[in-house]
Amino acid sequence: MASLAQQFTGLRCPPLSSSRFSVKPKQTQKVGAFASPIVSAVAVSNAQTKDRLELKKMFEDAYERCRTAPMEGVAFTVEDFQNALEKYDFDSELGTKVKGTVFCTDGNGALVDITAKSSAYLPVQEASIHKIKHVEEVGIVPGLREEFMIIGENEADDSLILSLRSIQYELAWERCRQLQAEDVVVKGKVVGANKGGVVALVEGLRGFVPFSQISSKSTAEELLDKELPLKFVEVDEEQSRLVFSNRKAMADSQAQLGIGSVVLGTVQSLKPYGAFIDIGGINGLLHVSQISHDRVSDIATVLQPGDTLKVMILSHDRERGRVSLSTKKLEPTPGDMIRNPTLVFEKAEEMAQTFRQRIAQAEAMARADMLRFQPESGLTLSSDGILGPLASDLPAEGLDLSDVPEAEEV
């Protein structure tokens, strides 16, 4: 190429005579004008060759570095990459539990970020074990981080469907098994009924209470929306069977009711002959004659439905499930229940203790009367109501029965 340029550059035209063809010398300019682009092309070609060589050298160096030291100068190590995979990779199979953060809510549910390829969705019906209209009713708001269960996949956009309700059901069954093992009394709200009994809600689960296991003679309609004390009879998650007994719960509660005990109650209803008081799931009757030492002509002037008060157990018929109550026995002075019921409730335990002591003393007197007809017993009753010995092997001061436990009707 260079020799060709030299050939063109070396051309020379001989001088012409001054004739009408004297314009011929312009040909020299044409030759010169043609020689200049050729020289430029040679220079550009040399520059491109140099660039190519430098680029080739750069790629060769890069290849050598990749072959001999691939991570040289790279801060993100292989271990970092593996940790990142463990952090963001998760099992998306149905039933898997994943952590997620709520970032958006609407009337149908909530969008949850679970670091998957797409967002996951929590439908409102899967947000709680209880029926709700909006997820925010149960505290599901943007920013909440919680554990969810994967229950499905939306084929339209490959997003996952989540549930909190499924997890809460698992916890509710576990709680019921624990309560059954501890044999405790729980409260259940009646939410439905059928021919065989009523349906009660406990720990968010619906359980069955057969009519044969309800202590009262109330109808299903009368029990609807009321709370019943219940005990667990059967807890079977696999068969979804949850059975309760109101009778067993009532028997436990009634066993703790001793004559002279003071309990807290709520006025349920008023009748001309007295007031029915709810004392922990048991209905007791506060007869009009047992409200105060003073005559009460109109119960409504002393009590109103919903009032909370302290009452004392007068009698308890376990077979019939009847409990008789009294506030009259708790009055420090006659008529206090009408004039100052607050004072009656403040002094209730003190007055009940006095009542129990009188009962114990009366029983001791009755036993002493029986012993008078049995002199071989070796005991006698002093003027203070204390049983004392006739023999010298008993304390001279006798046996004090003032601390005898309260008596219960059988």
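In this chain, residues are counted from 1 in sequence order.
A distance-only check finds a donor-acceptor pair linking the side chain of Tyr121 to the backbone of Gly109 [under 3.5 Å]. With hydrogens and angles disregarded, a donor-acceptor distance shorter than 3.5 Å links the side chain of Gln168 to the backbone of Ile129. Under a 3.5 Å cut-off, the side chain of Gln213 and the backbone N or O of Pro210 do not form any donor-acceptor pair. Between the side chain of Gln268 and the backbone N or O of Phe276 there is no donor-acceptor pair closer than 3.5 Å. A distance-only check finds no donor-acceptor pair linking the side chain of Asp236 to the backbone of Leu242 [under 3.5 Å]. The closest donor-acceptor contact from the side chain of Arg145 to the backbone of Lys99 lies at 3.5 Å or more, if one exists at all. With hydrogens and angles ignored, the 3.5 Å screen pairs a side-chain donor or acceptor of His134 with a backbone N or O of Asp106. Under the 3.5 Å distance criterion, the side-chain polar atoms of Glu203 are left unmatched by any main-chain donor or acceptor of Arg175. For Thr327 (side chain) and Ile291 (main-chain N/O), a donor-acceptor pair under 3.5 Å exists by modelled atom type.
Contact of the Gln290 side chain with the Lys329 side chain is registered, since non-hydrogen atoms from C-beta on lie closer than 4.5 Å. In this structure, His130 and Val138 have side chains that are not in contact, with every pair of non-hydrogen atoms separated by 4.5 Å or more. At a threshold of 4.5 Å between non-hydrogen side-chain atoms, the residues Leu343 and Pro332 count as touching. Considering only heavy atoms from C-beta on, Leu122 stays 4.5 Å or farther from Arg165 through its side chain.
Salt bridge Glu234/Arg241: present, at least one basic N to carboxylate O contact under 4.0 Å. The pair Glu174-Arg177 counts as a salt bridge, with a side-chain nitrogen and a carboxylate oxygen less than 4.0 angstrom apart. In this structure, Asp294 pairs ionically with Arg339, as a charged nitrogen and a carboxylate oxygen lie closer than 4.0 Å.
To the nearest 0.5 Å, atom OG of residue Ser269 and atom CG of residue Asp278 are 10.5 Å apart. Interatomic distance, Ile114 CD1 to Phe148 CZ, rounded to the nearest 0.5 Å: 9.0 Å. Remark: Lys347 NZ to Lys310 NZ distance equals 11.5 Å, nearest 0.5 Å. Here OG of Ser163 is found 11.5 Å from CG of Leu94. Values are rounded to the nearest 0.5 Å. Asn246 contributes atom CG, which lies 12.0 Å from atom NZ of Lys231 (distance to the nearest 0.5 angstrom). Leu270 CG to Asp307 CG: the interatomic distance, rounded to the nearest 0.5 Å, is 8.5 Å.
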Requested in this report: Test side chain to side chain contact (heavy atoms under 4.5 Å, CB included) on Lys328 and Leu286 and set out the steps.
Outcome: CA-CA 10 Å; Lys328 175 182 178 178; Leu286 176 61; over 6 Å; no

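Residues His287 and Ser289 have side chains that bring a donor and an acceptor to within less than 3.5 angstrom of each other.
No close placement of the Phe244 and Phe208 rings is indicated, their centers lying 6.0 Å or farther apart.
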